[in-house]
Amino acid sequence: MDENYLDELNEQQRAAVEYCDGPQLVIAGAGSGKTRVLTYKIVHLLRLGYEPWRILALTFTNKAAKEMRERVEQLVGGAVASKLWMGTFHSIFARILRANAELIGFKSNFTIYDSSDSLSLIKMILADMGLDKLAFLSGPRKGQKKYKPSAILSAISSAKNALISPEEYVRSKDLLEIDARDNRPELYAVYRAYRDRCVVAGAMDFDDLLYYTNVLLRDNPDVLRHYREFFSYVLVDEYQDTNFAQHVIVTQLTRESGRLCVVGDDAQSIYSFRGANIRNILDLRKTYSALSIFKLERNYRSTRNIINAAGSLIDKNSEQIPKTVYSENETGALIEVVKCYSDFEEAYQVASRLSQLKMTSGDSADEFAILYRTNAQSRVLEEALRKRNVPYRIYGGLSFYQRKEVKDAIAYFRLALNPDDDEALRRVINFPARGIGETTLAKLTRAAIDGNVSLWTVIQEPDRYPAGLNAGTLRKLDRFAGLITEFVQADRKGADALELATRIIERTEMLKMYLHDSTPENLSKQENLQELISGVKGFVETRVEEGSDSMSLADFMAEVSLATDQDSDSGDASEERVTLMTVHAAKGLEFNNVFVVGVEEELFPSAMAQDSPAQIEEERRLMYVAMTRAKKFCMLTYAGSRFRNGQTVCCRPSRFLRDIDQRYLRLATNDNLGDDAPKVRPTVNYTASMAGSARSLNSLRKVQPSSGAPQSFRRPGQMQPSAGKPASDVRYALHSVSEVAEGTVIEHAKFGRGAIVNIDTAGPDPRITVKFENTDTRTLMLKFAKFSIVGTE
DNA sequence: CTTCTCCGTTTTTTT
DNA sequence: AACGGAGAAG
């Protein structure tokens, strides 16, 4: 370990790192070395003699956890770093819950429902309760569904984040009153049914992971005592993004010891839609009377202009902890504001300015980022970049594990581990088609709900839970059950993830199905299934290499079920690319050059945020995050019209542009940022010819109450550079043995560049062993490995 | 029971 | 534009 690690910190950072005498809050402005403080603090704790496996470091995203681990690794080595408890709230507590599952009425093999599972379960419950019918309401809500699944889900989610059980919910006069007013008086019953079905299915959703952790610690004093003592120091990153459930877990674990270090920046709180609450930071002082507060205010990242501009923007927010972020870097260029006619022109402008800047600055492509408010905005930008042959990488969008065919396969995986998993069962009971249709499923569901058991139990014990099915149907169900049982037993007998996964794909004939005809979609589905298998294979191989015995399908699923899109670091690291992502996804990152596009009213700030000042402030913080990603150059663009929801709508410049002190901006001479617009009625600020009906629809929509946080469904065709796009299909293909030799240099779709060191043709399927430039050596099955041949060594 | 087709709704951000 | 849901035909 580097002895002089403390010298690499400035005075404020060093003070924060060295203070280990009690609870500590570090308010860290953007770019002030927040992660640096956390990583060095961990190193410092190790120095002081804290054992690595008793340090708990919680982050918000997988990406942040990974980055922190890597940075600690560099300082103390992988052997020590791998012993730290470091990860997202969700993954760490999932692990703890699995270890203690029986105490809260679960088994350790519980499934984790993702948002689409949750939504599908909500829909099922609403249908069962007869609440999915149209409501005959008058006025603007006429014809709208009373119980909108996504809104229900988000209400349930809020309840759990506030640690309110269904039983407590129904006892709360306030909540019932609100529901009555919102025309959904039976929400409590939906919540209860949802909870019950999850329990029966042995499933937890994302919120449950936090909720049940609280239950576990609340109802089992000995468990609480154990973890309190076990974790001798707790560190939390991005505390401004924690919700109440997370806050309570943290305080439960550290209230007595006071060995807590929390880092956050209230100005970067951008997840309140998910229950994050800045109050958690402020309330720390109440919980810990001895709380010491440290401030990091010097920004090392950006030029003065960028920091000053962002500062002048965030000053317009009323709610914030007073602090002054300053930069002592060079003044730098002004922030460029560009007005465009349309989203197409915007994309063109950005692409051309980017290419030009790339030439003049000499920065490589990965020093450029284009940030947007919504994923949908990426389309046009992609096109413009492609036209200019600028290589880019999109983050977000549909994750690999969310693709239909992959989800289907995963559903079988899940059933093998937990056949009670209703959502997985419903997904694949008739896929591939085996003549078990809606009617049968409805009858099974009815019986399952009446018996308060899982669908699997109903299928297993038809006599005990009669569903009123005819003999033919029963026979079909029996065959399906046989298939699942076979997988379950294979897992119990200790099959590793690859054996079991391969068997599932073969026995269900999923891959075969797609082989039948070779439409482009089918081809891509085949590829994705093969990619999944090679993912499993890679997982098993890694575990073998690491000398770990944890290579069961359950171990694989534990990694996968909480891995989200950002995590898939696919694409080769060797090639430099421009980054395209949402502002949310960009948090914690930095680039020399940042383009923020679509800086318009109703988009940024979002149309959903228009009706409350608090939401506008969150959007403003989001804008602040966007701008402070930039080190040297920042450009903001807006368009006069934009293709949205299938039609072209008019747009006005964002109020945020006017919030920024104009001293730091470079505007086109004729650009007044929409300041001439009458401010009284901003939304109807258009001539009828310009605006058309979309506009009036929009102003109508504002009357309706906002419908909560919708769960995201992303379109295919984004992300995963290796699939979907014709360009990449050509680049990475399958190869035969005759095409490769030892010494052949290949470019793998996932692992990057590497040289073949061995070819094994002994088995039924030829394998190649490749030493990759990222130091990994992997053995790949030739029939699955997607790569291009670069040359020979 | 399956498949096809039309219709209506949708769009914020993510663990 | 793109998806899911509903309804009709096979």
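A quick note: this is a predicted structure, and the numbers were derived from the prediction, not measured. Chain letters run A, B, ... following the sequence lines, proteins first and then strands; every chain starts at 1.
With respect to E238(A) and K587(A), a salt bridge is recorded, a charged nitrogen being found less than 4.0 Å from a carboxylate O. For D659(A) and K316(A), the salt-bridge test fails: no basic side-chain N is under 4.0 Å from an acidic carboxylate O. Remark: R427(A) engages D408(A) in a salt bridge, criterion side-chain N to carboxylate O under 4.0 Å.
If you check every strand for non-hydrogen atoms under 4.0 Å, I436(A) touches sugar and phosphate atoms only. Residue contacts shown for D207(A) are absent, as no nucleic acid heavy atom lies under 4.0 Å away.
Close to dT15(B), at under 4.0 Å from its OP1 or OP2, lies no side-chain N or O of N62(A). At dC1(B), none of the side-chain N or O atoms of K476(A) fall inside 4.0 Å of OP1 or OP2 (strictly under the cut-off). Taking only side-chain nitrogens and oxygens, N243(A) never comes nearer than 4.0 Å to OP1 or OP2 of dT15(B).
For F595(A), the ring pair (Phe, Tyr, Trp, His ring centres under 6.0 Å) partners are F633(A), not counting sequence neighbours.
Checked against dT11(B), dT14(B), dT2(B), the side chain of M608(A) finds its nearest nucleotide in dT11(B). For T61(A), the side-chain atoms get nearest to dT15(B) when compared with the rest of dT15(B), dA2(C), dT13(B).
The closest side-chain donor-acceptor pair between E423(A) and S120(A) falls under 3.5 angstrom.
Following rounding to the nearest Å, I270(A) (CD1) and dT14(B) (P) show an atom-to-atom distance of 9 Å.
Comparing L210(A) and R434(A), the nucleotide of DNA chain B nearest to each residue sits closer to the 5' end for R434(A).
Residue ring and nucleobase are not stacked for Y271(A) and dT13(B) under a centre distance beneath 5.5 angstrom and an angle between planes beneath 30°.
The salt bridge (Lys or Arg N to Asp or Glu O under 4.0 Å) contacts involving residues 151-164 of chain A comprise K160(A)-D205(A), K160(A)-D208(A), where partners must be two or more places apart or lie in separate chains.
A heavy atom closer than 4.0 Å to some atom of DNA chain B occurs in R274(A), these being the qualifying members of residues 274-281 of chain A.
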